[in-house]
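Only a predicted model underlies this, so the values are computations on that prediction, with no experimental measurement involved. All heavy atoms count here, side chains included; hydrogens, waters and symmetry mates do not. The chains referred to below are lettered A, B, ... by the order of the sequence lines, with proteins before strands, and numbering in each begins at 1.
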Amino acid sequence: MSSESTTVSSNFLRVIIEDDLATGKHESIVTRFPPEPNGYLHIGHAKSICLNFGLARQFGGRCHLRFDDTNPAKEELEYIESIKESVRWLGFDWGEHLYYASDYFDQLYQWAEHLILQGKAYVEELTADEIRKHRGTLVEAGVESPYRNRPVEENLDLFRRMRSGEFPDGAKVLRARIDMAAPNMNLRDPVLYRIIHAPHPHVGDSWCIYPMYDFAHGQSDAIEGITHSICTLEFEDHKPLYEWFLDNLPVPSHPRQYEFARLNLTYTVMSKRKLHELVTQSLVNGWDDPRLPTLMGIRRRGYTPAAVRAFCERIGVGRSDSWIDMSILEDCVREDLNECAPRVLAVLRPLKVVIDNYPADQIDEFEAANHPQKPEMGSRKVTFSRELFIEQDDFAEDPPKGFFRMTPGGEVRLRYAYIVRCTGVVRDDNGTVIEVHCQYDPASRGGSASDGRKIKGTIHWVSASNAQDAEVRLFDRLFTDPNPDRGGIDYKQFLNPDSVVTLTSAKVEAGLATVDSETRLQFERQGYFRLDPRDSLPDRLVFNRIVTLKDAWTKK
RNA sequence: AGGGGUAUCGCCAAACGGUAAGGCAACGGCCUCUGACGCCGUCAUCUCUUGGUUCGAAUCCAGGUACCCCUGCCA
């Protein structure tokens, strides 16, 4: 289908893997993409997915899809299905390797008892608030819990009773016994298990105690034989804990954690909380709103998986906080669509044109290329008649300097058809031009001047005789500020009031009545569009603008 | 008693002691029946800063500075 530039450049992870393979540390690599099923995936996750699956693919290893489902209070089946679909849509396949951290709950539980037996874990009875107070601060050591030194047998008994459901939520937790004075807060006796009497989306109600992320993640990696456990920077502080569990438990392998900088994109927000707020407050229309950076939104908008993959490759991977400009993503979309999108004529804001010297009852047809650079994509017939529609923007009574579209007295080419000269206009009561009159040059049939004169401007048009009506949704950036997320100001203040402009009287080529919603089209001189898979009906076409074409004119 | 990170062109990002890749953007120009696409050219004597080591430093050392992350029974 679509092209994909394969300019692969070096990054620190590839270097590490190449080295591990070269030295024989690993014969092949195993990575994993570990989402928590508590929300929908967004473009930031795409970076991680492309990284993990991409690395595995590049080095001939494998990548697991593992749901980090350790908190039933927040997770849902719907998210699991949605995440799987998004990963597949992006073009990756986990094959047999679909896992759930919850599949390891038995083993994790055994390991928790193992720590208790070793005197390295204890049942805490302080409240959450008391635990917080005992934890100390960034610059002060914590205080040990009075329950920290209770006998192994007592811990074991209590933990087993926690598991059997004897205590209510929050009554007790299991803690690792590490160091309340550790400068790394994660080592100040972190919570391992908490009581949550809630059904789990994957394992039902077989448990009422659930492991924390820290107690589940590294061990899950170890169970699966993950060689390179890649996560975002904020987990760097957790690495000593990650290592501590691997060192203190009889795990089958010892994965290594590596961190990279998460994706930040300008003109959007990526936090789950904010996305959720936009959706629930109806500031956008659902999780798949085409303006959202969610994978569902991007997909509905019409971005292609290949474009997203190219984007992830283009931005690279590093360890420094970075902000990627939205224009890079948009450019990747254009690059992909330019290759594969058939060209078509569509008028977004119609202005009626009458060719006065063209017979009223005459209909003609012209051959139009589906892709000027790719004859193999074929051509189609477009019909021409006395009355046409052109873009309002393509006519100017009083043209600015450098304007070379239709102007009174001037010549312009109607793409694939004829050269016409504007001879007059018709106005409404307000003086607004509502109709333009032209004379066509019969000798220019097909668009070329018989005398070889150069016509600078070529504009698109659609025959009034058989144009299809359509609604067109022009999407723009959701926010007016590159960083709506910056502190201090409510990000919603930066919502772009024109993030979607709905045009209800567009006129498109007759042939578009039957296009498939998966087809991405280029409306010549306008941008790339596709039928909205949700709202478009056979008798009521709705097009989404995926991205505009670059425009060197309005930029001036 | 704090800990962990990061600083290379407007935005990303290579470079692993041998004399600053690449992409995007920008700016010139060419081409053009899409002001698109494509093509050509320009774009860091310099790597946050100050010193030091070295024949040689973005890379090593020392001291500054700036920014990010960490005090959930979230992940």
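In this structure, the side chain to side chain donor-acceptor pair (under 3.5 Å) partners of A:Ser379, at least two apart in sequence or on a different chain, are A:Glu367. For A:Val547, the side chain to side chain contact (heavy atoms under 4.5 Å, CB included) test picks out A:Glu330, A:Val333, A:Arg334, A:Tyr528, with sequence neighbours left out. Every residue meeting the side chain to side chain contact (heavy atoms under 4.5 Å, CB included) condition with A:Pro442, not counting sequence neighbours, appears here in chain and number order: A:Tyr440. In this structure, the salt bridge (Lys or Arg N to Asp or Glu O under 4.0 Å) partners of A:Arg415, at least two apart in sequence or on a different chain, are A:Glu524. Taking the side chain to side chain contact (heavy atoms under 4.5 Å, CB included) definition, one finds that A:Cys231 meets it with A:Phe235, A:Gln257, A:Glu259, sequence neighbours left out. By the salt bridge (Lys or Arg N to Asp or Glu O under 4.0 Å) test, A:Glu234 is found to be paired with A:Arg262, residues two or more places apart in sequence or in another chain being considered. With sequence neighbours left out, the salt bridge (Lys or Arg N to Asp or Glu O under 4.0 Å) criterion links A:Arg453 to A:Glu411, A:Asp441, A:Asp451. In this structure, A:Arg343 has no salt bridge (Lys or Arg N to Asp or Glu O under 4.0 Å) partners at least two apart in sequence or on a different chain.
Counting non-hydrogen atoms of other residues, nucleotides and ligands closer than 6.0 Å to CZ of A:Arg163 gives a total above 12.
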So which protein nitrogen or oxygen atoms get under 3.5 Å of nucleotides 46-48 of chain B's nitrogens or oxygens?
none

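A side-chain hydrogen bond (donor to acceptor under 3.5 Å, both in side chains) with A:Glu391 is found for one member of A:His460, A:Lys507, A:Arg349 and no other, namely A:His460. Of the residues listed (A:Thr548, A:Thr554, A:Leu549), the one engaging A:Asp551 in a side-chain contact (heavy atoms from CB on, under 4.5 Å) is A:Thr554, and it is the only one.
Among the nucleotides B:A75, B:A25, B:G35, the one closest to the side chain of A:Asp331 is B:A25. The listed nucleotides are B:A75, B:G35, B:A36; the one nearest the side chain of A:Arg194 is B:A75.
In this structure, NZ of A:Lys374 is placed 11 Å from C1' of B:C37, rounded to the nearest angstrom.
Interface residues of residues 183-193 of chain A facing RNA chain B, ordered by number: A:Pro183, A:Met185, A:Arg188, A:Val191; criterion, heavy-atom separation under 4.0 Å.
At the heavy-atom level, A:Leu126 lies under 4.0 Å from base atoms of the strands shown. Contacts of A:Asn338 with the nucleic acid, taken as non-hydrogen atoms under 4.0 Å apart, involve only primed sugar atoms and P, OP1 or OP2. The residue A:Gln373 sits close to a base: some heavy atom pair falls under 4.0 Å.
Put simply, the side chain of A:His460 and the base of B:A36 share no donor and acceptor less than 3.5 Å apart.
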B/S/- along nucleotides 5-12 of chain B (protein heavy atoms under 4.0 Å) is SS----SS
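Taking both residues in full, the closest heavy atoms of A:Phe479 and A:Thr268 are given as CD1-CA, 3.8 Å, listed atom of the first, atom of the second, then distance.
Remark: RNA chain B takes part in the stems B:2-7 with B:65-70, B:10-12 with B:22-24, B:26-30 with B:38-42, B:48-52 with B:60-64, each of 3 or more antiparallel Watson-Crick or G-U pairs, criterion distances under 3.5 Å.
Glycosidic torsion of B:G72 falls within 90° of 0, placing the base in syn.
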